[in-house]
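Scroll down for the structure; my scribbles are underneath it.
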Amino acid sequence: MMRRKTNIILMGFMGTGKSTVGRLVAKRLGKVFVDMDDVIEARAGKAISVIFEQQGEPHFRNLERALVQELAVQSDLVIATGGGVVLDARNMDDFSAGGIPICLLASPKVILQRVGAEIHRPLLEGDDKAEKILAILASRRALYESIPQQVDTTKLSAEQVADRVVEIFEEVSI
Ligand code: S3P
């Protein structure tokens with residue numbers, strides 16, 4: 001029997017609003033909000049940037065993969081994923097079994113404005129953030145584009161994006 005799809009999984013590049021929007025959507029729908037990066041940091045007892053620095057990106061991806069497996073079998077969650085969750089195709093398959101993945105997009109300019117001043121994103125460390133954003137976006141474009149549900153957040157407030165996410169979920173969940 002097919003599982004009912006009760007989870008909403010927000011995917012997309014850094015700075016597209018996954019955590020802010022996820023919190024709003026969970027509140028509106030009475031679902032439990034989970035921020036994957038926050039869970040990984042709390043369990044490891046250190047920041048993602050420190051995990052990358054001390055143990056390397058592959059170790060972080062293993063922690064991320066294990067958390068996907070744990071969350072994907074639960075129900076009624078709104079999950080804000082890390083931007084790199086799309087790098088492992090198994091993550092998409094697992095999440096799709098019990099929920100609706102929705103990809104949030106934003107223009108590179110808006111992404112830079114949103115993440116520019118922040119220091120906790122290890123993949124964007126250094127002065128040439130704009131170039132790094134463009135390079136990572138280019139390398140992941142096909143992965144983000146392959147997600148059937150998309151919301152362009154460039155010109156929307158977090159509230160407006162949340163409205164759209166709720167609408168999509170209500171349209172496509174069975
Ligand atoms: C990453 C995005 C980050 C975090 C880690 C790696 C990525 O999450 O998981 O720094 O590979 O795009 P956010 O998208 O929440 O910033």
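Remember, predicted model here, so these are calculated numbers, not experimental data. Start at 1 and go down the list; that is how both ligands and their atoms are numbered.
- With contacts defined as side-chain heavy-atom distances shorter than 4.5 Å, the pair C103/V151 does not qualify.
- Protein residues having at least one heavy atom under 4.0 Å from any atom of ligand 1 are M14, K18, D37, I48, F60, R61, G82, G83, G84, R121, P122, L123, R140, listed by chain and number.
- Remark: T154 pairs with D152 by the side chain to side chain donor-acceptor pair (under 3.5 Å) rule, at least two apart or across chains.
- R65 has no carboxylate O lying under 4.0 Å from a charged side-chain N of E70, or vice versa, which leaves the two without a salt bridge.
- T153 and R114 share a donor-acceptor pair across their side chains, judged by distance under 3.5 Å alone.
- Residues K132 and D128 are paired through a salt bridge, judged by an N-O separation under 4.0 Å between the basic side chain and the carboxylate.
- Residues Q54 and K46 meet the side-chain proximity criterion, which asks for heavy atoms closer than 4.5 Å.
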